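Report on one structure; see the data block that follows.
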Number of protein chains: 2
Amino acid sequence: MLQTTPVTIEQTPNPPDVCSAPPPRHPRPDGQDSYTISEVVAFTGLTAHTLRWYERIGLMSHIDRSHTGQRRYSNRDLDWLDLVGKLRLTGMPVADMVRYAELVREGENTFRERYELLEATRRDVRARIAELQDTLAVLDRKINFYADATGVRYHEAEGTAR
Amino acid sequence: MLQTTPVTIEQTPNPPDVCSAPPPRHPRPDGQDSYTISEVVAFTGLTAHTLRWYERIGLMSHIDRSHTGQRRYSNRDLDWLDLVGKLRLTGMPVADMVRYAELVREGENTFRERYELLEATRRDVRARIAELQDTLAVLDRKINFYADATGVRYHEAEGTAR
DNA sequence: TATGGCCTTGGAGTGCGCTCCAAGCAAGCG
DNA sequence: CGCTTGCTTGGAGCGCACTCCAAGGCCATA
C-alpha cells in the first residue's frame with residue numbers, strides 16, 4: 001500500500017490499442033477513494049510539502065479532511081494532480097496553472113477562457129518539441145563526431161571554449 | 001548594425017534541402033568577426049548581464065578584448081553561444097554546461113567524457129520529447145472537449161478543482 | 001570642453017518553485 | 001503511561017539562473 005517508487009498515476013498497462021481517450025486508472029475504485037498525503041506522495045512522486053503548498057496557493061481546492069483534520073485525497077484529486085504534472089513539465093508557470101484552477105472552480109461559463117488558455121499552451125508545447133528536435137539534431141552531429149574521434153584521434157572545429 | 005529583435009544565429013534561410021550538417025551562418029565572415037557585447041545581445045537575445053555572467057562562471061572562456069578593454073566576440077564565440085542556447089532549452093543545468101566547457105578547454109583527451117555527457121543529454125532530450133507528446137495528447141483531448149462544449153453546453157467530468 | 005552613449009567591474013538583489021523547520025496533536029502499541 | 005509514527009500549521013530558507021546597481025572609463029560629436 002505504501003509503495004516508495006514514484007509512479008505515474010496514468011500508467012500504460014492498457015492494451016496496445018492506440019486509442020484516443022485513455023481513462024486514468026486509479027489505485028482504488030471510486031467510493032473507496034480516500035488517500036492519505038503519504039499515499040499521494042507515493043503515487044505522484046511529489047513531496048508532502050509540495051502537496052500542501054499546492055493547496056495553499058490555490059492550485060488545488062481544499063482537500064477533504066478526516067475527522068481528525070488530516071487530508072484525504074480523492075480520485076478526482078489524483079486526476080487533477082496528473083494534469084498538473086503534465087502542465088508542469090511543459091514549463092507552464094505555476095501562476096498560470098493556478099489561473100486555470102480558478103477558471104475550473106468558477107464553473108462552465110469559463111469554458112471559452114479555459115479553451116484559449118489550453119490552446120496557447122498547446123502552441124507552446126508544439127514549439128518546444130520543435131526546438132528540442134532541433135537540439136537533438138545538433139546533439140546527433142556532435143555525438144557522431146565524438147564517436148568517430150574517440151579511437152581515431154581526429155579534429156574538427158567546434159564552438160570556442162578554448 | 002544594431003538590430004533589436006532577438007535573432008537565432010543559425011537562421012534557416014538555407015535552401016530547402018534537408019541535409020545533415022548545416023554550418024551556422026555568421027553575421028560577418030571569419031577575419032572580420034569582432035562583435036561588441038550589444039551586437040551579441042541583438043544576435044542572441046541574451047542580455048549583456050547574462051553574457052558577462054556566463055564568462056565569469058566559466059561557461060565561456062575569456063573573450064578577446066579591444067585596446068580599451070571592451071569585449072570583442074568572435075564567430076567561434078557565437079557558435080558556442082548557439083550550442084549553449086540549445087543545451088539551455090533542454091533544461092540542462094548551467095553547472096553541467098560549465099563542466100562541458102571545461103572539458104572542451106582541457107583538450108582532446110576529454111573526447112570520451114564529452115561523448116558520454118552529450119549522450120546522456122540526448123537520452124534526456126528524447127525522454128522529454130516523449131513526455132511532451134504525451135502532454136500534447138492530453139491537451140488535445142481537453143481542447144476538443146472545450147471546443148465541443150462552448151456552444152453546445154455539455155458536461156464531462158474533469159479533475160477536481162471545484 | 002562638455003554631453004551622451006557604450007562599455008567596465010564586484011557585489012547585491014530578485015523571482016520562482018519548492019523545501020524545510022519547529023511546535024504540536026492524534027492514534028496505535030507494549 | 002510513555003513512545004513512535006504520521007499528520008498538522010505558518011513562516012523562514014534555499015538553489016538556480018539570472019538581473020540589476022553604483023561608480024567609473026573611454027571616446028565621438030556639438
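Not measured: the values here are computed from a predicted model. So you know, we letter chains A, B, ... as the sequences are listed, proteins then strands, and number each from 1.
- Applying the side-chain hydrogen bond (donor to acceptor under 3.5 Å, both in side chains) criterion to A:Glu116, with sequence neighbours excluded, gives A:Arg112.
- As rounded to whole Å, 14 Å separates atom P of D:dC7 from atom NE2 of A:His67.
- In this entry the distance linking CD1 of B:Ile63 with P of C:dT8 reads 11 Å, nearest Å.
- A heavy atom closer than 4.0 Å to some atom of DNA chain D occurs in no member of residues 120-128 of chain B.
- What separates CD1 of A:Ile37 from P of C:dA26 is a distance of 18 Å, to the nearest Å.
- Contact check, B:Thr68 against D:dG25: no side-chain N or O comes under 4.0 Å of OP1 or OP2.
- Here the OG atom belonging to A:Ser74 is positioned 11.5 Å from the CZ atom belonging to A:Arg28, to the nearest 0.5 angstrom.
- Listed by chain and number, the residues in a salt bridge (charged side-chain N to carboxylate O under 4.0 Å, His left out) with A:Asp124 amount to none (sequence neighbours excluded).
- Look at CG on A:Leu51: it is 14 Å from C1' on D:dT8, rounded to the nearest Å.
- By the side-chain hydrogen bond (donor to acceptor under 3.5 Å, both in side chains) test, A:Gln133 pairs with no residue at all, sequence neighbours left out.
- Scanning for salt bridge (charged side-chain N to carboxylate O under 4.0 Å, His left out) contacts around A:Arg71 gives A:Glu55, with sequence neighbours left out.
- Side chain of B:Arg72 to backbone of B:Asp33: no donor-acceptor contact under 3.5 angstrom is found.
- Counting to the nearest Å, the P atom of D:dA17 and the CG atom of B:Leu89 are 14 Å from each other.
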For every nucleotide of nucleotides 9-25 of chain C, 5' to 3': is a protein heavy atom under 4.0 Å from its base (B), only from its sugar-phosphate (S), or from neither (-)?
BBB-----SB-B-----
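- Judged as a side-chain contact (heavy atoms from CB on, under 4.5 Å), and not counting sequence neighbours, the contacts of A:Thr110 are A:Leu103, A:Glu106, A:Arg114.
- A straight line from CD1 of B:Ile57 to P of D:dC16 spans 11 Å, rounded to a whole angstrom.
- The distance between atom CD of A:Gln70 and atom C1' of C:dA26, rounded to the nearest whole Å, is 7 Å.
- Qualifying side-chain contact (heavy atoms from CB on, under 4.5 Å) partners for B:Leu89, counting only residues two or more places apart in sequence or in other chains: A:Arg128, A:Glu131, A:Thr135.
- Shown here are the side-chain hydrogen bond (donor to acceptor under 3.5 Å, both in side chains) partners of A:Asp140, two or more places apart in sequence or in another chain: B:Arg122.
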